[in-house]
Trainee: 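Here it is: the structure, laid out below.
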There are 2 protein chains.
Amino acid sequence: MAKKQSQKKCDPSPAKLKADPTAEELAKLAWAIAHPARVQIVRLLIGRDACMCGEIVDCLPLAQSTVSQHLKILKESGLIQGEVDGPKVCYCVNPKRLEQLKRLVAGL
Amino acid sequence: MAKKQSQKKCDPSPAKLKADPTAEELAKLAWAIAHPARVQIVRLLIGRDACMCGEIVDCLPLAQSTVSQHLKILKESGLIQGEVDGPKVCYCVNPKRLEQLKRLVAGL
DNA sequence: AACGTCTATCGTCGATCAACGATTTGATCT
DNA sequence: AGATCAAATCGTTGATCGACGATAGACGTT
C-alpha cells in the first residue's frame, strides 16, 4: 500500500500497452459511428438493405458533398460498401464488419 | 443553418431522421472509445474494477497530461467516473453507461 | 457526340483533437 | 507551516474534422 510502482509496473514489457490490435480496430470502428449523421446513414442502410447516395442525401439535412464524405469514412472503416450500378452507386452495410463491431463492443 | 433544404421526398415521415436522440447518444458514446488509448483505458478499468490515474499513466506510452485529457473525455461521456480518494483519484467504469453503449450497438 | 444525371473530389474555412511541457491545484504527511 | 506527491489545467503547436460550394469524372440516354 502506498508503494510506489516504480518496479510494479502494470506491464512488464517496456512496450506497455502498445501492441493492442483489437484496441485500434475497435477505435477505428467506433470512430466510424462517432458522428450522428453516420449513425443515421448506417441505420438507414440496415433498414433498407441497400440505398443510393442520392436517397441518403435527401434524408439528411446536409449537402451532397458532405454526405459523400461521411460515406467515404464509413467505407474506409469497412462498415459499408458501395457497388457501382450504372451512373449511381448502391450502398449497403457489410454484415461481417458490423458483426465485428458488435462483438468487440459486447466483449468490453 | 440549413435553411435552404426544403423537405425533399425522401420519406413520408421525415421526422424519423430529424429527431433522433439515440443517434446522437450512440455517436457520443462511440466517440468516447474512438481512440485506441481510450479503448485501452476502458479495458484497463474494466479488468481492474478500479484504478488510479497514476497507474493508467504508467500503462500507456503517453504523458500524464495527455492521459488526463483522455480521462476527461471518457468522464464527459459518462463511461467512467472518478471519485477523489485522498490525494489520488480512483477511476472506475460506469456499468449502466457501458451497458447502454452495448445495447445501442447491439441494436444496430 | 453531346447532354443530363449522379457521385466523387478539390479547395477553403473555422473548429476541434491530440500531444506535450510547464504550471497550478488539492490533499496528506512530517 | 512547509514539503511532497498526485491530478488537473494552461498554453501552444500541428494535424484532422466537418461543413460547404464548385468542379471534375463516370455513365446512360437522346
Trainee: Grab the CD1-C1' distance between A:I56 and C:dT7 for me, whole Å please.
Mentor: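 Spelled out: CD1 on A:I56 to C1' on C:dT7 is 11 Å.
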Trainee: The side chain of B:K75 is closest to which nucleotide in this list: C:dC20, D:dA8, D:dC20?
Mentor: D:dA8
Trainee: Tell me, please, which residues at least two apart from A:E25 pass side-chain hydrogen bond (donor to acceptor under 3.5 Å, both in side chains).
Mentor: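 For A:E25, the residues satisfying side-chain hydrogen bond (donor to acceptor under 3.5 Å, both in side chains) (neighbours in sequence not counted) are A:R97.
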Trainee: Near DNA chain C, under 4.0 Å by heavy atom, which residues of residues 66-74 of chain B?
Mentor: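 Within residues 66-74 of chain B, the residues near DNA chain C are B:T66, B:Q69, B:H70, B:I73.
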Trainee: Find the distance A:Q64:CD to D:dA26:C1' and express it as a whole number of Å.
Mentor: 14 Å
Trainee: Same hydrophobic cluster for B:L62 and B:I73, using side-chain heavy-atom links shorter than 4.5 Å among ILVMFWY?
Mentor: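 Hydrophobic grouping puts B:L62 apart from B:I73.
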Trainee: Applying side-chain contact (heavy atoms from CB on, under 4.5 Å), run through B:Q100 and B:R103 and close with a yes or a no.
Mentor: CA-CA 5 Å; B:Q100 186 183 13; B:R103 214 179 326 115; 4.1 Å; yes
Trainee: Please check the phosphate of C:dA8 (OP1 and OP2 only) for any side-chain N or O of A:Y91 closer than 4.0 Å.
Mentor: yes
Trainee: Just wondering, do B:L104 and A:V39 contact through their side chains at under 4.5 Å, heavy atoms?
Mentor: no
Trainee: Starting from C1' on C:dA8, measure out to CD on A:E83 and report it in whole angstrom.
Mentor: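 Taking CD of A:E83 and C1' of C:dA8, I get 17 Å after rounding.
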Trainee: Report, as yes or no, whether the 6.0 Å neighbourhood of atom NZ on A:K88 holds more than 12 heavy atoms from other residues, nucleotides or ligands.
Mentor: no
Trainee: Rounded off to whole Å, could you give me the CG-to-P distance for the A:D85 and D:dA26 pair?
Mentor: 17 Å
Trainee: What nucleotide among D:dA7, D:dC20, C:dA22 has an atom nearest to a side-chain atom of B:K88?
Mentor: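 Shortest atom-to-atom distance from the side chain points to D:dA7.
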Trainee: Whole-Å distance between D:dG18 P and A:I33 CD1?
Mentor: 13 Å
Trainee: B:I41 pairs by side-chain contact (heavy atoms from CB on, under 4.5 Å) with which of B:L79, B:V93, B:L74?
Mentor: B:L74
Trainee: Return the value, rounded to whole Å, for the distance between atom CD of A:E55 and atom C1' of C:dT7.
Mentor: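 From A:E55 CD to C:dT7 C1': 14 Å.
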Trainee: In whole angstrom, what separates A:L62's CG from C:dT7's P?
Mentor: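 So the two atoms are 16 Å apart, to the nearest Å.
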Trainee: Do A:R38 side-chain atoms and B:A27 backbone N/O form a donor-acceptor pair below 3.5 Å?
Mentor: no
Trainee: Which nucleotide wins on minimum distance to the side chain of A:M52, given the candidates C:dA18, D:dG18, C:dT7?
Mentor: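 So the side chain of A:M52 is nearest to C:dT7.
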Trainee: Assign each of A:P87 and A:H35 to its nearest nucleotide of DNA chain D by heavy atoms, then name whichever residue's nucleotide is nearer the 5' end.
Mentor: A:H35
